[in-house]
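Data block below; observations after.
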Amino acid sequence: MPELPEVETMVRGIRDSLVGSRISEVLLPPCACRPIQIFPGIEEMRQTSHGERIAAVRRRAKRVVIQLENEHAFVIEPRMTGLMLLGDPPDREHLRFEWRLISGRRRFSVWFWDRRGLGTLKLLNPEELEKLLTGPVLGPDALELTLEHLRNRLGKTDRPVKVALLDQKLIAGIGNLYASEILHLAGISPATASSKISTSRLERLLSATQEVLQLAIRYEGSTLGDGTYRNALNQDGSYQNQHRVYAREGEVCRTCGTGEILRIVQAQRSTFYCPRCQKR
DNA sequence: CCCCAGTCCTGCGGGC
DNA sequence: TGCCCGCAGGACTGGG
């Protein structure tokens, strides 16, 4: 499931090829499955993007932003199973969108592939893009968090900290997998009421967030058993081998060597933790 | 306003 | 063996 590290890996994987190249065509591949949500329609997308040069490729939280020189931007939300690919896709039937590009004499394509089709694709105008980047829909990016952010945002809610970490309005970029990983490294129980966490423990939470996300980026994200997430060249990430708790229910905690990893359900999502290492 | 349950989607694996 | 059901969870919606 693409979260911040996986989306960052996608962006790094396509950036050098895309920046400076020119869009010759955008296409909806023939696809037997239900079409993904796109906005606006394909014809408006063509009119706005045809012949435009790509100025930048960046990440905002869990979204890929492809900025054009005319200041419009494609914004891709991979959600559960979406991938940005330069190489061969896992299969042809779940290709959802194609950008045909020209760089000098070279012609190539970048694809959006999405097995489950929960992903979305939008072409935003400059005002809409500005709202996405700085508006209230998304909180501060998890890699740019400060202690003040945590104090102001977690301090005002009594929800369990695991649930609050998933709220993109509070902090943007953390998903279900990395929330469990971060709380384990921070030594904080996922059930702790957010507002009850002391400043010194918020400092641990802050450094654990940076450490886990940066390390996961270095390992190019997590490819789980379902094998869905891959980098831009359709290769596996390797952070799954470093997982501290996620999907390790019943196994022994590698940190304390004795605790058994438990799974609980919070807000209809699985949470994994070590009851010995993580206290309220 | 705040928060939670329900919803979308597809593929896979457990159980009978 | 084959079928069905539940589960995976990112982001959004409706309602309490």
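Reminder, nothing fancy here: chain letters follow the sequence lines and each chain counts from 1. In this text the structure is predicted, and so the values were computed from the model without any measurement.
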Practice prompt. With sequence neighbours left out, write down each residue that passes side-chain hydrogen bond (donor to acceptor under 3.5 Å, both in side chains) with Asn152(A), or none if nothing qualifies.
Written response: none

Fill in: Closest non-hydrogen atom pair between Arg276(A) and Thr258(A), with its separation
NE-OG1, 2.8 Å

Worksheet item: By side-chain hydrogen bond (donor to acceptor under 3.5 Å, both in side chains), which residues pair with Arg59(A), not counting sequence neighbours?
Response: Glu8(A), Asp141(A)

Worksheet item: Base, sugar-phosphate alone, or nothing: which one does Gln268(A) contact when heavy atoms must sit under 4.0 Å apart?
Response: base

Worksheet item: Across the strands shown, which category fits Tyr246(A) at heavy-atom distances under 4.0 angstrom: base, sugar-phosphate, nothing?
Response: sugar-phosphate

Response to the item:
In whole angstroms, the gap separating P of dC9(B) from CD of Gln37(A) amounts to 12 Å

Response to the item:
Span of DNA chain C engaged by chain A, first through last nucleotide within the 4.0 Å heavy-atom cut-off, is dA8(C) to dC12(C)

Worksheet item: What does Arg263(A) touch in the nucleic acid at a heavy-atom separation under 4.0 angstrom: a base, only the sugar-phosphate, or nothing?
Response: sugar-phosphate

Worksheet item: Rounded to the nearest Å, what distance is computed from the CH2 atom of residue Trp113(A) to the P atom of nucleotide dC9(B)?
Response: 17 Å

Fill in: Considering all heavy atoms, the nearest Pro275(A)-Lys279(A) contact
O-NZ, 3.1 Å

Worksheet, complete the sentence: From CG of Leu224(A) across to C1' of dG13(B) the rounded distance in Å is 16 Å

Worksheet item: Which parts of residues 170-177 of chain A get close to DNA chain C, meaning a heavy atom less than 4.0 angstrom away?
Response: Gly175(A), Asn176(A)

Worksheet, complete the sentence: When rounded to whole Å, the CZ to P distance for the pair Arg79(A) and dG11(B) reads 18 Å

Discussion item. At less than 4.0 Å, is any side-chain N or O atom of His94(A) found next to OP1 or OP2 of dG11(B)? Yes or no.
Written reply: yes

Worksheet, complete the sentence: Comparing nearest nucleotides in DNA chain B, the 5'-proximal residue of the pair Leu118(A), Asp167(A) is Asp167(A)

Worksheet entry | Arg218(A): side-chain hydrogen bond (donor to acceptor under 3.5 Å, both in side chains) partners, not counting sequence neighbours | none

Worksheet item: Which pairs pass ring-ring contact (aromatic ring centres under 6.0 Å, His included) with one or both residues in residues 147-178 of chain A, sequence neighbours excluded?
Response: Tyr178(A)-Tyr239(A)

Worksheet item: To the nearest 10 degrees, what angle separates the axes at the start and end of the helix from dC2(B)-dG16(C) to dC16(B)-dG2(C), five pairs each?
Response: 50°

Worksheet item: Is a donor on one side and an acceptor on the other found under 3.5 Å between the side chain of Lys62(A) and the backbone of Ile174(A)?
Response: yes

Worksheet, complete the sentence: So the ring-ring contact (aromatic ring centres under 6.0 Å, His included) pairs with at least one residue in residues 33-73 of chain A (sequence neighbours excluded) are none

Discussion item. Suppose the criterion is side chain to side chain donor-acceptor pair (under 3.5 Å): which pairs have a residue in residues 180-192 of chain A, not counting sequence neighbours?
Written reply: His184(A)-Arg244(A)

Practice prompt. Supply the members, apart from Tyr273(A), of the Ile/Leu/Val/Met/Phe/Trp/Tyr cluster built from side-chain contacts under 4.5 Å; use none for a lone residue.
Written response: Leu262(A), Ile264(A)

Fill in: Contact residues, residues 152-159 of chain A to DNA chain B [heavy atom, < 4.0 Å]
Thr157(A), Arg159(A)

Worksheet item: Which part of the nucleic acid, if any, lies within contact of Ser270(A), taking any heavy atom under 4.0 Å across all strands shown: a base, the sugar-phosphate backbone alone, or nothing?
Response: sugar-phosphate

Item to complete: State, yes or no, whether a side-chain contact exists between Phe74(A) and Ile23(A) at a heavy-atom distance under 4.5 Å.
Response: yes

Worksheet item: Counting distance only, does the side-chain N/O of Asp236(A) pair as donor-acceptor with the main-chain N or O of Thr223(A) below 3.5 Å?
Response: no

Worksheet, complete the sentence: Sorted by chain and number, sequence neighbours left out, side-chain hydrogen bond (donor to acceptor under 3.5 Å, both in side chains) with Glu77(A) holds for Arg63(A), Arg79(A)

Worksheet item: Of all heavy-atom pairs between Ile261(A) and Val252(A), which one has the smallest distance, and what is that distance?
Response: CG1-C, 4.4 Å

